[in-house]
Amino acid sequence: MSPPRSPMAPPRSFLWSRRIFLTLLAGFVLIPVYVMISSSLKPLADVTGTFRWLPSEVTIRPYIDIWSTVPLARYFVNSLIVAGAATVCSVVIAVFSAYAVSRHTFRGKRVFTVTVLSTQMFPGILFLLPLFLIYVNIGNATGIALFGSRGGLILTYLTFSLPFSIWMLIGYFDSVPRDLDEAALVDGCGPLGALFRVVVPAAIPGIVAVAVYAFMTAWGEVLFASVMTNDTTRTLAVGLQGYSTLNDVYWNQIMAASLVVSVPVVAGFLLLQRYLVAGLTAGAVK
């Protein structure tokens, strides 16, 4: 005999409905991933022909050809430099800004926080032409090449990641007890010492969440990267278009390259998942 059901247990119909829903959701997520993996292991003729769930021939040639069809290694390095620099700058500036807003009272504090948050309401394409004109005019006036350079692209990504990073860290620093700051000051630390020795270690989950957000925003961005870069500074998100030519589209190489460029983001997310979840849920429960 099966053990008696607890009065608090959910009905069987709910359990079965949940299983069916989760199964369908898993299929919705995993089937495209399987198609990408299987297509990346097929010859081009099999990919462009009738679709088959099981490849008739398995080959790793697409993973070898992706590096010679387009300069994928250069695009990879450009993306790492741009995304890494944008992440570091965003985190450093956001830490100082959020700490100042969280721990100090000054005139215009409310206006500053509302302004920072309101910048997220505007679509990115709204800033494309103004930034383009600003970079071109700065280059003509000073000789500093922002348009078509990695530095210009890093500044562009900061305009999107920094406001959200500041706003998020303000909420996280608010959840860190002020008693820790006061105890550090009593022990002889200055404001910066209290920040780096006490507040930052307690806010690691929030800082990691901000870093992951900033990196992912820069890593997969297409619109500004397609306009603000040239053949030398092109990033991965734009460089993948090189597998499509006037004569053919190398679908198997596109799938292989997409999987390869996804590895850093997926690996980083898996390694930092527990910090990311803790950072995003900070302050949700008192």
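Just so you know, these numbers come straight off a predicted model, no measurement behind them.
- Side-chain contact check for Val95 versus Ile207: some heavy-atom pair is nearer than 4.5 Å.
- Linking ILVMFWY residues whenever their side-chain heavy atoms come closer than 4.5 Å, directly or via other members, places Val261 and Val249 in the same cluster.
- The CD atom of Glu221 sits 7.0 Å away from the CG atom of Leu153 when rounded to the nearest 0.5 Å.
- Annotation for Val198 and Ala184: closest pair CG2-CB, 3.6 Å, computed over non-hydrogen atoms.
- Ile66 and Leu259 fall within a single hydrophobic cluster, where Ile, Leu, Val, Met, Phe, Trp and Tyr are joined by side-chain heavy atoms under 4.5 Å apart, directly or via other members.
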Practice item. Mind running side-chain contact (heavy atoms from CB on, under 4.5 Å) on Val82 and Thr229 for me, showing each step along the way? Key: CA-CA 11 Å; Val82 171; Thr229 59; over 6 Å; no
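- Linking Ile, Leu, Val, Met, Phe, Trp and Tyr whenever their side-chain heavy atoms come within less than 4.5 Å puts Val227 and Leu129 in one cluster.
- For the pair Val136 and Asn140, the minimum side-chain heavy-atom distance is below 4.5 Å.
- In terms of modelled atom types and a separation under 3.5 Å, the side chain of Ser90 and the main chain of Thr87 share no donor-acceptor contact.
- Counting heavy-atom neighbours within 6.0 Å of Ile60 CD1, excluding the residue itself, gives a total of 12 or less.
- Evaluated for a ring-ring contact (aromatic ring centres under 6.0 Å, His included) with Phe224, the options Tyr135, Phe147, Phe127, Phe160 yield exactly one hit, Phe160.
- Taking CD from Gln253 and CG from Leu240, the interatomic distance works out to 11.5 Å, rounded to the nearest 0.5 Å.
- Here the closest non-hydrogen pair linking Val101 and Thr113 is CG1-CG2, 3.6 Å.
- In this structure the side chain of Val199 never reaches within 4.5 angstrom of the side chain of Leu180, judged on heavy atoms.
- Across Leu44 and Asn252, no two heavy atoms sit closer than the pair N-ND2, 3.4 Å.
- Proximity of a side-chain donor or acceptor of Asn137 to a complementary backbone N or O of Leu133 within less than 3.5 Å is detected.
- A side-chain donor-acceptor contact under 3.5 Å links Ser68 to the backbone of Asp65.
- The aromatic rings of Tyr34 and Trp53 lie parallel to each other, their planes meeting at an angle below 30°, with 60° marking the opposite boundary.
- Residues Val176 and Arg103 meet the side-chain proximity criterion, which asks for heavy atoms closer than 4.5 Å.
- Here the CZ atom belonging to Phe96 is positioned 12.0 Å from the CG atom belonging to Leu169, to the nearest 0.5 angstrom.
- Note that the CG atom of Leu128 and the OG atom of Ser226 stand 7.5 Å from one another [nearest 0.5 Å].
- A donor-acceptor pair shorter than 3.5 Å can be found between the side chains of Asn230 and Thr233.
- Remark: Arg107 CZ is loosely packed, at most 12 non-hydrogen atoms of other residues, nucleotides or ligands lying under 6.0 Å away.
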Point to revise | Derivation of the side-chain contact (heavy atoms from CB on, under 4.5 Å) call for Trp67 and Val260 | key: CA-CA 11 Å; Trp67 305 100; Val260 169; 4.1 Å; yes
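- A donor-acceptor pair under 3.5 Å is absent between the side-chain atoms of Ser79 and the main chain of Thr235, judged by distance alone.
- Between Tyr99 and Val200 there is no side-chain heavy-atom pair separated by less than 4.5 Å.
- The distance from atom CD1 of Ile166 to atom CG of Leu162, rounded to the nearest 0.5 Å, is 4.0 Å.
- Transitive grouping of hydrophobic side chains (ILVMFWY, heavy atoms separated by less than 4.5 Å) brings Ile154 and Ile144 into a common cluster.
- For Arg150 and Asn78, the side-chain atoms include at least one donor-acceptor pair closer than 3.5 Å.
- Residues Ile31 and Leu22 fall into different hydrophobic clusters, defined by Ile, Leu, Val, Met, Phe, Trp and Tyr side chains chained together at heavy-atom separations under 4.5 Å.
- Contact annotation: the side chain of Ser56 approaches that of Arg52 to within less than 4.5 Å [non-hydrogen atoms, C-beta and beyond].
- Taking CD1 from Ile37 and OG from Ser258, the interatomic distance works out to 12.0 Å, rounded to the nearest 0.5 Å.
- Taking all atoms of both residues into account, the shortest heavy-atom contact from Pro43 to Thr59 is N-CG2, 3.8 Å.
- Checked by atom type and distance alone, the side chain of Ser39 never pairs as donor or acceptor with a backbone atom of Met36 at under 3.5 Å.
- Applying the 6.0 Å contact sphere to CD1 of Ile125 captures no more than 12 heavy atoms from other residues, nucleotides or ligands.
- Between Phe106 and Ala100, the closest heavy-atom pair is CE2-O, 4.0 Å.
- The closest side-chain donor-acceptor pair between Thr217 and Ser161, if any, does not fall under 3.5 angstrom.
- At least one side-chain heavy atom of Ile64 sits less than 4.5 Å from a side-chain heavy atom of Arg61.
- Dense packing is recorded around CZ of Arg178, with more than 12 heavy atoms of other residues, nucleotides or ligands lying under 6.0 Å away.
- Counted by atom type alone, Asp174 and Ser102 present one or more donor-acceptor pairs between their side chains at under 3.5 Å.
- Between Trp219 and Phe215, the angle of the ring planes stays under 30°, which puts this pair in the parallel group of the 30/60° scheme.
- Between the side chains of Thr69 and Tyr243, no donor-acceptor pair of N or O atoms lies under 3.5 Å.
- For the pair Thr48 and Tyr250, the minimum side-chain heavy-atom distance is 4.5 Å or more.
- Heavy atoms only, all atoms of each residue included: Tyr172 and Ala203 are closest at CE2-CA, 3.3 Å.
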